[in-house]
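Single-structure report; data block below.
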Amino acid sequence: MTTGTILIALLALAVVGYFLGRGRAVASAGGDVRRLHSLPRFYGLNVALTTLIPALAVLAVGLLALPIWTDLRVGAAIGPSLAGGDAGRQSLLIAQADRLAEGLEGADANVAAIAALDDGALAGAFADAGIAVREGTDPSILRAALARVGTQETGSWMLVLLVGLAGVVGALVALRASGPAFRARNAVERAILGVLILASTIAIVTTAGIVLSMLFETINFLRAYPAADFFFGTVWNPRFSGDSQLGLLPLLWGTMYVSLVALIVAVPVGLLAAIYMSEYAGPRVRAVAKPLLEILAGIPTIVYGLFALVTVGPLLRDWFAQPLGLGNSASSVMTAGLVMGVMLIPFVSSLSDDVINAVPQSMRDGSLGLGATKSETIRQVVVPAALPGIVGSILLAASRAIGETMIVVLGAGAAAQMDLNPFEAMTTITVKIVSQLVGDNDFNSPETLVAFALGLTLFVMTLALNVLALWIVRRYREQYE
Amino acid sequence: MSDIAASPPAAGEGRKTSLLRETDRVRKRNAAERRFELYGMAAVGIGLLALAFLLLSILGNGLSSFRQTFVDVPVALDPVAIEEAEASVVKTSRYRDIIEGAFVSALEARGLLEGIDPEEAAGIISEEAPAQFRDYVRANPEAVGRPGEFTFLVNGRIDGFFKGRVTFESAELDGNVTPAQLRLAERLAGAGLIDTRFNWAFFTAPDASGQRPEAAGLGVAILGSAYMMLVVLFLALPIGVAASIYLEEFAPRNRFTDIIEVNISNLAAVPSIVFGILGLAIFINFAGLPQSAPIVGGLVLTLMTLPTIIIATRSALKAVPPSIRDAALGVGASKLQSVFHHVLPLAAPGILTGTILGLAQALGETAPLLLIGMVAFVGEYPDAPPEGLFDPATALPVQVYNWTQKADPAFVERASGAIIVLLAFLVVMNAIAILLRRRFERRW
Amino acid sequence: MNDMRITERAVDLSETKISARNVQVFYGDTHAIKDVSVDIADKTVTAFIGPSGCGKSTFLRCINRMNDTIDTARVTGDILIDGEDIYDRRVDPVQLRAKVGMVFQKPNPFPKSIYDNVAYGPRIHGLARNKVELDEIVERSLRRGAIWDEVKDRLDAPGTGLSGGQQQRLCIARAVATEPEILLMDEPCSALDPIATAQVEELIDELRRNYSVVIVTHSMQQAARVSQKTAFFHLGHLVEYGETGQIFTTPRDPRTESYITGRIG
């Protein structure tokens, strides 16, 4: 029975419950709905909800617990002695058992009958079911496969039973309560409020999910690879044969360099554009130019990536890098940085625009009233007054630049090196996360796990920048409120 | 205040000057003023120029992908040959022989085969043609035994020749095409057998392998993206609205809600690739959902879109004046009823606008999808939802990335074309959002 | 209030500093100032009174062309300062505003140090050749703003950290630092408490020795206390203009009388 079927059955039960509850409430009031505390439909809803909520909770817990329980049973069936305590070998054995279990399910074999056989007859029974078993496979592996299938089967039936039980019990309890004195509306509203609260906690759950998923794998990685070599290593050279060098510093350097170029482009242009829009441009220019600039922010980053790869990269190589003798790579820090800078222009300008508009008009009047020109007012009064907010928006832009992926994947190159020449290809943290996780890699090798450590590093860096920026901006806003 | 009397007004030289004459200093300051304004204009100009350059470059590279070159070949559907082909192990290679034979004899009949050997001449037909031919034969068994007129794709290089990407000089250096083939193509075009026309298959066909750029299409990618948008819409909208209602209308100001608020604003700024890692670790490795599936992509994009939707919904709720709530409460509605009956309908246009913008943002997202395996080559359409949500698919932006990783330059054209399609979707979505806002904008 | 002071104060017959003729101001479609003509004397305090929205602040902002900063504002008619039309095409508002200082309703010190607040004007207008001269200007201005003794030990402290009354006197010192000939004050005491108000009023009376001061106020008592001449505005019209004593004791126009006796406004 699939989860989908269970859900549909539960919904059907809830609908039945709704009508029963509604009918019972009306009947208990002798047909006069005015004697009820709440409208009849609330009684129905109350029954439906008390059917669904406990049953869904049981289902959720069951679905989480079932694979864990199965894994335990499989692990127990194989036993620790076979792998000799080697974690890698253990996981291989489990994978073998899993494949056999899939075969059993596919062949629709009579698992209980096979499980009753002796160890010696097991392999033959597998072969009869049409599942190829490698010569010399330990019977405990076969037992493990059988345990997996068996546990899954019993587990899912138990789950169906439990869920059904929870639903029916819930419905009965609610039905019993459906009388004129019962405050059905309040009960329903409490349940709805609970759902609302649950929905709002999803942000916390997501953050926890992000942190935990990366933290566990990072710990695994740091067990297999020394932390000092990761954080302070200057060479990035992953090898499939193992013995890789996975130093963070070249990636960090590339990330910082590309971000720096991007900010050098985006900050002055974005800031000046914001100033021009808010202080100089007439309403008509503003009405046209502002949305046009904001289009830049709505364009997906893959578009910028392609632009870097196809247009900007070759252009920079043919017109700058090669004539100047600075290299002949189309992918370079400059390519990625310039394009990323363009992407960040609207980001900086719209944030700065908000910040500049928050500077009170009386400040401008004070300066103009003293005979300052507009630009003197802007440079010496408005910008200094808005500085914290501007710094905040630059930090947000920096965090955006550090975390940007597609532009650097397509524009910066894949060579991990620490070089000063901006026309050289360099690589960033995000590029390496993609290259280590895309493709078929062994999930327990340090070469793959390093991606999680890189992800965590990236997350911590951007989080720090974001928190700092938000704090600065908030402090700044309070100053003028 | 005796100080004041002590210091008479310092009558500087400046004081006697007339207002009507600009002093040197003021002239200099005004020049600086004009310069500063110019810098501002230049900055806006740079931004707009970059936008124009970006769009023109994409359009210039990609518009040609909507057109494709085809060749007309009369093929007699000989029952014996077809039976033989069906019986062989490598069926397409036999079908290829049939097509090539028919093509070469058609060329001979028209006297177009001079200066090129038949094998070479047949090379201008796409590798995709046998499969296309076989599909036709299997779909129309009654046509076997009759002569037929077929329109096949030509090889990507020949297509490139008609689009100006391939020239006689580049063909000299190219192992995949010869100048003789190009000359033949020219002659065929002159005879009206080859022409370039609008290519619907670009929007409907699935992706094709690296040797057949001419056959690659966006069908699976568009479907995959649509499925993911469906998942995002069905998950992010209700969850986002529910969360916003709680935070805006019910939540007390305490530590718990503070933590939620901080989390939401931080999630909005977490790099998208981190969500990809989350999806890989939680949805695929832990929950065991299939790789490359729209359901996983949809879940990841839902988490990414939630902050956008929550922020938009909350500001829409905030814009509904308290008097509406008071009026509902005043006639005895419960707090929940006042929200669901009155506040939510009034905030609906704002919520919808925010949702569409969130979807538009999700539609263009690439990086997280790379990590959950959507880069894989998918040659088959996914089933209809809900089962189809678990089938492998790609997505529009990922398809673009995929094509950029291929060696054949014809794929650059395809990638740019795919971007035009993606941008067209975004323009439509944003236009709807703007229209909604204009239509329903209300000021209290 | 102690209105006895009005009669004590002799009004010097001095030359005209500002002369306005047929001034009209429009904000978009609104006609804010209707045909106002007035002569304002040098070395006097002139008060503009009237109910809110009567146009007194708008007219004040015409005198240093602050209305130029509002896109929709349009000014016609002539305003002459020392016989020169300030709306002449050749006149640069920047140069004009150095000559016509302004103090605003809400104290608006820049988020800079006290010293930099006062030095701002002299710096942009290039009034000091070196640091010593600038120090002198700052001290002189702060003394003239009657705030020197309170801040001389903390010139590096931010101007925004001062109390409301101190901030307003700092703003007056800042306006004085550019050595203007005219000081415009737009309800300078409306955001201040009574003690700070008294200090600023005392200061205004002393500023009269060096400047032509025009003050907008909605407090009739304040107009009576600090000004020698008073102009009463109503609905964009200049209703009556004359000696402060005369306006308050024997108004000629019934509208002025209604306002002064508290029936309108």
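Each chain gets a letter, A, B and so on, in the order the sequences are listed, and its residues count up from 1.
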### Query
Checking B/Gln405 against chain A: side chain, backbone, both or neither under 4.5 Å from a heavy atom?
side chain

### Task
Decide salt bridge (charged side-chain N to carboxylate O under 4.0 Å, His left out) for B/Glu33 and A/Lys374; before the verdict, give the C-alpha distance in whole Å, the side-chain angles of both, and the deciding distance to 0.1 Å.
CA-CA 7 Å; B/Glu33 167 76 17; A/Lys374 238 176 182 174; over 6 Å; no

### Atom CZ of A/Arg183: over 12 foreign heavy atoms under 6.0 Å
no

### Query
So which part of A/Leu309 gets closer than 4.5 Å to some heavy atom of chain B, the side chain, the backbone, both or neither?
side chain

### Summary
One option among A/Ile345, A/Ile204, A/Thr462 has the most heavy-atom pairs under 4.5 Å with chain B, and it is A/Ile204

### Query
Rounded to the nearest 0.5 Å, how far apart are OG of A/Ser200 and CD of B/Glu261?
9.5 Å

### Atom group of B/Ser416 that falls short of 4.5 Å from chain A, counting heavy atoms
both

### Query
With a 4.5 angstrom heavy-atom cut-off, which part of B/Ile46 approaches chain A: side chain, backbone, both or neither?
side chain

#### Entry: Contacting moiety of A/Ala281, where chain B heavy atoms sit under 4.5 Å
neither

### Task
Considering only heavy atoms and a distance below 4.5 Å, find which of A/Ile378, A/Thr373, A/Leu470 pairs most often with chain B.
A/Thr373

### Task
Side chain from CB out, backbone as N, CA, C, O: work out which of these in A/Val409 comes under 4.5 Å of a heavy atom of chain B, or both, or neither.
side chain

### Message
Does any backbone or side-chain atom of B/Leu363 lie under 4.5 Å from a heavy atom of chain A? Answer side chain, backbone, both or neither.
### Response
neither

### Task
Pick one of side chain, backbone, both or neither for A/Val342, based on which atoms fall under 4.5 Å of a heavy atom in chain B.
side chain

#### Entry: A/Gly298 backbone acceptor or donor facing B/Gln361 side chain under 3.5 Å
no

## Note on the structure
Honestly, the part of A/Thr311 sitting under 4.5 Å from a heavy atom of chain B is side chain

### Query
Would one find more than 12 heavy atoms of other residues, nucleotides or ligands at under 6.0 Å from atom CZ of B/Phe425?
no

### Query
Which is it for B/Tyr246 and A/Val195 under the side chain to side chain contact (heavy atoms under 4.5 Å, CB included) test, yes or no, and what are the steps along the way?
CA-CA 9 Å; B/Tyr246 176 70; A/Val195 171; over 6 Å; no

### Student check: side-chain heavy atoms of B/Tyr39 and A/Val269 closer than 4.5 Å
no

### Query
Between B/Gly47 and A/Leu296, what is the shortest heavy-atom contact and its length?
O-CD1, 3.7 Å

### Summary
Most heavy-atom pairs under 4.5 Å with chain A, out of B/Leu55, B/Val270, B/Val398, belong to B/Val270

### Query
Is there side-chain contact between A/Arg185 and B/Gln337, with heavy atoms separated by less than 4.5 Å?
yes

### Task
Evaluate the ring planes of B/Phe53 and A/Phe307, with Trp represented by its six-membered ring, and classify them as parallel (under 30°), tilted (30 to 60°) or perpendicular (over 60°).
perpendicular

### Task
Among the options B/Leu426, B/Thr366, B/Leu370, B/Val26, pick out the one with the most heavy-atom pairs lying under 4.5 Å from chain A.
B/Thr366

### Query
What do the steps show when you test B/Phe286 against A/Leu64 for side chain to side chain contact (heavy atoms under 4.5 Å, CB included), and what is the final call?
CA-CA 10 Å; B/Phe286 181 72; A/Leu64 277 177; 4.0 Å; yes

### Query
Do you know the tightest heavy-atom contact between A/Ala273 and B/Ala43?
N-CB, 3.6 Å

### Option in A/Val339, A/Val211, A/Ile433 with maximal non-hydrogen atom pairs under 4.5 Å from chain B
A/Ile433

### Message
Please report the interatomic distance CZ(A/Arg474) to OG(B/Ser265), rounded to the nearest 0.5 Å.
### Response
6.5 Å

### Task
Among the options B/Leu48, B/Leu306, B/Val400, pick out the one with the most heavy-atom pairs lying under 4.5 Å from chain A.
B/Leu48

### Task
For B/Leu278 and A/Gly209, work out which heavy atoms get closest and say how close.
CD1-C, 3.3 Å

### Summary
Heavy-atom nearest pair, B/Leu423 first then A/Pro300, reads CD2-CD, 4.0 Å

### Query
In terms of heavy-atom proximity below 4.5 Å to chain A, should B/Ile372 be classed as side chain, backbone, both, or neither?
neither

#### Entry: Leading residue by heavy atom contact count with chain A [cutoff under 4.5 Å; candidates B/Ala418, B/Ser57, B/Ala281]
B/Ser57

## Note on the structure
Taken to the nearest 0.5 Å, the spacing of A/Asn466 CG from B/Asn266 CG works out to 6.0 Å

#### Entry: Value rounded to 0.5 Å, distance of CD1 in A/Ile202 from CD1 in B/Ile239
4.0 Å

#### Entry: Greatest number of heavy atom pairs closer than 4.5 Å to chain B - which of A/Lys290, A/Glu404, A/Glu376
A/Glu376

### Summary
Checked B/Thr257, B/Asn430, B/Leu303, B/Ile310 vs chain A; the most non-hydrogen pairs under 4.5 Å come from B/Leu303

### Message
Please classify the contact of B/Leu267 with chain A as side chain, backbone, both or neither, using a heavy-atom distance under 4.5 Å.
### Response
side chain

### Heavy-atom contact with chain B under 4.5 Å, split by part of A/Leu271
neither

### Query
Which of these passes side chain to side chain contact (heavy atoms under 4.5 Å, CB included) with B/Thr404: A/Ile302, A/Val310, A/Leu306?
A/Leu306

### Query
Atom CG of A/Leu193 and atom CD1 of B/Ile245: how far apart are they, to the nearest 0.5 Å?
10.5 Å

#### Entry: A/Leu437 CG to B/Leu371 CG distance, which is reported to the nearest 0.5 Å
5.5 Å

#### Entry: Enclosure of B/Phe256 CZ (heavy-atom neighbours >12, cutoff 6.0 Å)
yes

### Message
Using heavy-atom distances under 4.5 Å, tell me whether A/Leu315 contacts chain B through its side chain, its backbone, both, or neither.
### Response
side chain

### Query
Could you walk me through whether B/Phe250 and A/Ile197 pass the side chain to side chain contact (heavy atoms under 4.5 Å, CB included) check?
CA-CA 9 Å; B/Phe250 293 96; A/Ile197 294 176; over 6 Å; no

### Summary
Whatever's closer than 4.5 Å to a heavy atom in chain B on A/Leu410 counts as side chain

### Message
Tell me whether B/Arg314 at atom CZ has more than 12 heavy atoms from other residues, nucleotides or ligands lying less than 6.0 Å away.
### Response
yes

#### Entry: B/Leu54 versus chain A, the contacting section by heavy-atom distance below 4.5 Å
both

### Query
With only heavy atoms counted, which part of B/Leu51 is less than 4.5 Å from chain A, the side chain, the backbone, both or neither?
both

### Task
Let me know if A/Ile275 has heavy atoms under 4.5 Å from chain B in its side chain, its backbone, both or neither.
side chain

### Query
Under 3.5 Å, is there a donor-acceptor pair between the B/Ser334 and A/Glu189 side chains?
yes

### Query
What option among B/Glu365, B/Lys335, B/Met41 has the most heavy-atom pairs under 4.5 Å with chain A?
B/Met41

